[in-house]
Amino acid sequence: MPSEKKISSAHDCISFMQAGCELKKVRPNSRIYNRFFTLDTDLQALRWEPSKKDLEKAKLDISAIKEIRLGKNTETFRNNGLADQICEDCAFSILHGENYESLDLVANSADVANIWVSGLRYLVSRSKQPLDFVEGNQNTPRFMWLKTVFEAADVDGNGIMLEDTSVELIKQLNPTLKESKIRLKFKEIQKSKEKLTTRVTEEEFCEAFCELCTRPEVYFLLVQISKNKEFLDANDLMLFLEAEQGVAHITEDMCLDIIKRYELSEEGRQKGFLAIDGFTQYLLSPECDIFDPEQKKVAQDMTQPLSHYYINASHNTYLIEDQFRGPADVNGYVRALKMGCRSVELDVSDGSDNEPILCNRNNMTTHVSFRSVIEVINKFAFVASEYPLILCLGNHCSLPQQKVMVEQMKKVFGDKLYTEAPLPSESYLPSPEKLKRMIIVKGKKLPSDSDVLEGEVTDEDEEAEMSRRMSVDYNGEQKQIWLCKELSDLVSICKSVQYRDFEVSMKSQNYWEICSFSETEASRIANEYPEDFVNYNKKFLSRIYPSAMRIDSSNLNPQDFWNCGCQIVAMNFQTPGPMMDLHTGWFLQNGGCGYVLRPSVMRDEISYFSANTKGIVPGVSPLALHIKIISGQNFPKPKGACAKGDVIDPYVCIEIHGIPADCSEQRTKTVQQNSDNPIFDETFEFQVNLPELAMIRFVVLDDDYIGDEFIGQYTIPFECLQPGYRHVPLRSFVGDIMEHVTLFVHIAITNRSGGGKAQKRSLSVRMGKKVREYTMLRNIGLKTIDDIFKIAVHPLREAIDMRENMQNAIVSIKELCGLPPTANLKQCLLTLSSRLITSDNTPSVSLVMKDSFPFLEALGAIPDVQKKMLAAYDLMIQESRFLIEMADTVHEKILQCQKAGMEFHEELHNLGAKEGLKGRKLNKATESFAWNITVLKGQGDLLKNAKNEAIENMKQIQLACLSCGLSKAPSSSAEAKGKRSLEAIEEKDGGEENGKL
């Protein structure tokens, strides 16, 4: 595409097509030919050369075109041996003739493919109308609006205005544009007309605005969803929000409200249409943010035990620089608490005048008083979150100053201090909900059976302890310090104890006791005993702190420890970078309250999970994440770049963080010398095995850098992604949102087999029965229990077969419709209905409800192409129906096996001992038992979800059939009948049987 002129209208697309360009023609026999394609000047035919055919035969009449598909969505592409080497976003197909033959083409860029697709769709949609509209842009709603803007600013009414005034006017309409760029555009336009003046005409103003402010990628999207108009009406917008953006319960009134708020022209607001500029504003608005608005408030169950949550934690909170030389500062607490931090550290030492202080013991010159710190904590403790705050006390004070600390905390915090003694009758810590607005002190405690007023406990000084351990003469003994009873009594449910090993901890550790692990020690345990670490963290809190070797206050990778279920991973908030990006991004979810509920597989008492898993997690269905990086907006030059102009060569990296099986990274191509609106148009696909623990990090870098390559980043939990076309607000290196700096992306989440809801659930490869993977149950080695689990093998296979068969049937219908796996069923039905019409534009099929399921019946003889589509549709309904009707029975069988197995849980060790199992063999049997229970519970849940999804699919299909006119009955009675049928499906499958699920 010519870089000097943007595509901003159908006229631009057609002009480009008439000039022609080289495209690759793909044949089914794996051959690819280079051909030069042009559009006739009379807009009636498409031609290509060279060709062995007669010149009059090497053409395709526009009137013969039935459909234009973007992407590799025809049999030719799917079966071509070289298809993997062809970029999805550069491919497109033209379906023509009564048999829907395909002309399959590949452009040299996604831009060029979009121009041909948009231009051809425009011509096909207007093939039965006069084409005078194509002649120019002067009568479009956008130009009419721009004329009124110009006329309002043209106070003299002469039809011209000063260049300065025009520049200011365009900047008002689009604040992101640089003044120099606007002036340069006016000079280009005037030079092309061979005139030099400082005055601008109305025509020049409109031309400059359109070229500067039209984002081609947004224009192509608008044309696609408006059915080749230059604006969206309320119905177009409603369909876009439902089918593409995944918005439920959208109404026409809601769409009209959006139009009124974002359309810039008065005419558009009155008539109810959204032109390109209003649509661009809407896509950039918070309403189209990539972050799920539901997660901007507390959305998770907050009544679970404290040990079931990840907790936002800070290390050396009093530092605002590195730990080697940095001064102590109360602002460290202000920053951390405002960011939702729920665990802060206070290393307290003796100060002068009997006043305890906090200081960096590597820099004793600057310190802050303990009183001033706790006053700041009291002020900001519950500003960002009302859930409990943990104070990790590092006590290095003498007994008299410990008593001063206690007095000050009681006075400042008052009844916020949580000092209730834990109940031995309980097994787990209280919940965040129960501990709302409470301050919990973590520290050492005197023995509960002792009445002494003071006593010796092991030192809590982590760095000193690490140094002692690393010294040559370390003999394993810990340093002892004196602790007063008053300070001991403030510690209730976070008593610090020393970790020895998991066997000792699981037998003798109390639920209110917490162990702290150094980064080095925790890494060793995570690698050697990943399953044990997860099981330990189901009941007990564990805190991980950075290695003492990190004198620059660099950060550990929190994901490594979150994967093991560690709740309190302490971060150096003062040190920005990739690790802090992950931490900040993770705790954006659940309203930024500082508590994130761990996945159920890491919480359930009997469940199996290993942090080092390299494949599928038992009982969890892998998802496929499809990300299309479309474009960037207003990228700044890297902050640390030197000796370089303002021009950058950006590219985008997509990082997936999570369990080892999910970690992945891919990058786009580099766009040369474009920071304002670089177009990437590249699609990536990632398999995510444990979505609840996954994060996506978008990073924009400069490929031609001196000194610094970082432009911006954004990190978001997988569960917070919104589907559809979204803008990603990029953050600076220190984590600040950069105004107007965004990435434009398309997100779709599907299941592995290609079916499911595009908004929240596929790799486009179908899984046939022969290659289907079944999650296997493990042999425990105890015949009584193994016999119970054997009964579950058949229902488990049935459950997987039902789910996969339904998904495969959905994939088949998508493929026949020429839609990608990311499409949803509403989009399928819209495409299907456009194909199932006769020559006089009436439907060739009709919706018929059979036992409350939406079947389609032919109204007379139909062509083979339509028969094939109807057969695929019928198979999809049959498989969905079978799943809906059989799910409860199969689920009940799985549930009974799970219950029967659980009855042996308490006796497992005794049974193993009787059979001679001990040591590693007994541990293996216990692990296999947990694996089997996890598989049964997980597959049961997946079947339940599949049934609910199938019911929802039937509703969506029926409503889509009614709205597409595939019903014999008049619309009002059809809708009433439709509602009754929907209710019947719900009643039939949601009655007493639903209780089983």
Side-chain angles (χ1 to χ4, degrees), residues 530 534 559 562-563 598-602 604 607-627 654-666 683-696 716-721 723 747-778 796-797 799-811 814 820-824 883 894 931-932 934-950:
V534 171
Q559 189 82 50
W562 291 336
N563 289 348
R598 300 210 313 264
S600 61
V601 74
M602 300 173 80
D604 294 343
S607 63
Y608 175 86
F609 177 75
S610 169
N612 291 345
T613 183
K614 297 289 193 296
I616 292 174
V617 178
V620 179
S621 181
L623 300 180
L625 171 63
H626 307 258
I627 300 179
I654 307 168
E655 302 168 0
I656 309 294
H657 297 265
I659 60 172
D662 291 342
C663 291
S664 179
E665 181 178 332
Q666 295 198 52
T683 302
F684 304 93
E685 204 171 87
F686 304 90
Q687 179 164 315
V688 182
N689 294 285
L690 187 56
E692 288 173 277
L693 262 189
M695 272 191 291
I696 296 88
I716 180 172
F718 183 97
E719 297 284 291
C720 296
L721 285 171
I747 303 288
I749 301 165
T750 56
N751 55 45
R752 275 193 313 164
S753 57
K757 298 178 183 176
Q759 61 264 37
K760 279 288 179 191
R761 300 293 172 240
S762 72
L763 297 181
S764 54
V765 180
R766 281 180 289 171
M767 298 179 68
K769 235 177 182 176
K770 290 179 183 176
V771 295
R772 191 165 290 169
E773 294 174 21
Y774 296 98
T775 308
M776 303 300 291
L777 294 175
R778 292 180 178 177
L796 278 177
R797 290 179 74 92
I800 293 168
D801 283 341
M802 284 195 293
R803 288 193 295 112
E804 294 290 352
N805 290 345
M806 182 181 78
Q807 300 300 355
N808 286 348
I810 292 172
V811 171
K814 287 181 183 180
T822 54
N824 63 26
L883 187 147
I894 294 171
W931 168 280
N932 290 353
T934 306
V935 168
L936 291 171
K937 182 182 182 301
Q939 290 298 331
D941 289 345
L942 289 173
L943 184 59
K944 174 173 67 177
N945 293 338
K947 178 188 169 180
N948 292 336
E949 189 176 304

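Numbers here simply count residues along the sequence, with the first being 1.
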**Fill in**
The reported gap from CG in N945 to OG in S621 (rounded to nearest 0.5 angstrom) is 9.5 Å
**Fill in**
Between E949 and Q807, the two heavy atoms sitting closest are OE2-NE2, 3.8 Å
**Message:** Return the CZ to CG distance between F718 and L623, rounded to the nearest 0.5 Å.
**Reply:** 5.0 Å
**Request:** With rounding to the nearest 0.5 Å, note down the distance linking NZ in K944 to CD1 in I894.
**Result:** 12.0 Å
**Asked** Between CD of E719 and CE of M695, what distance do you get to the nearest 0.5 Å?
**Response** 12.5 Å
**Message:** Suppose we screen for side chain to side chain contact (heavy atoms under 4.5 Å, CB included). Which residues come up paired with P530, at least two apart in sequence or across chains?
**Reply:** S610, A611, N612
**Request:** Under the salt bridge (charged side-chain N to carboxylate O under 4.0 Å, His left out) rule, collect the residues that match up with R778, sequence neighbours excluded.
**Result:** E927
**Request:** Of all the heavy-atom pairs spanning L943 and M802, show the shortest one and how long it is.
**Result:** CD1-CE, 3.9 Å
**Message:** Show the nearest heavy-atom pair for residues P622 and Q687, with the distance to one decimal.
**Reply:** CB-NE2, 3.8 Å
**Message:** Using 0.5 Å steps for rounding, measure from the CG atom of L936 to the CG atom of D941.
**Reply:** 11.0 Å
**Item:** Nearest atoms (heavy-atom pairs only) where V617 meets N689
**Value:** CG2-O, 4.1 Å
**Message:** Side chains of N563 and Q559 only: does a donor on one sit below 3.5 Å from an acceptor on the other?
**Reply:** yes
**Request:** Work out which heavy atom in R598 is nearest to a heavy atom in M602; give both atom names and the distance.
**Result:** NH2-O, 2.9 Å
**Message:** Do P618 and N932 have side chains that approach each other closer than 4.5 Å (heavy atoms only, starting at C-beta)?
**Reply:** no
**Least distance between heavy atoms, C663 atom then H657 atom** = SG-CA, 4.3 Å
**Message:** When you compare the side chain of V620 with that of F609, does any pair of heavy atoms fall below 4.5 Å?
**Reply:** no
**Request:** Check whether any side-chain heavy atom of F686 lies under 4.5 Å from a side-chain heavy atom of I654, and answer yes or no.
**Result:** yes
**Request:** Walk me through it: do I627 and T683 pass the test side chain to side chain contact (heavy atoms under 4.5 Å, CB included)?
**Result:** CA-CA 6 Å; I627 300 179; T683 302; over 6 Å; no
**Asked** With sequence neighbours left out, what residues match D604 under salt bridge (charged side-chain N to carboxylate O under 4.0 Å, His left out)?
**Response** K937
**Asked** Between L721 and L625, is any pair of side-chain heavy atoms under 4.5 Å apart?
**Response** yes
**Complete:** Separation between CD (Q939) and OG1 (T934), nearest 0.5 Å, reads 11.5 Å
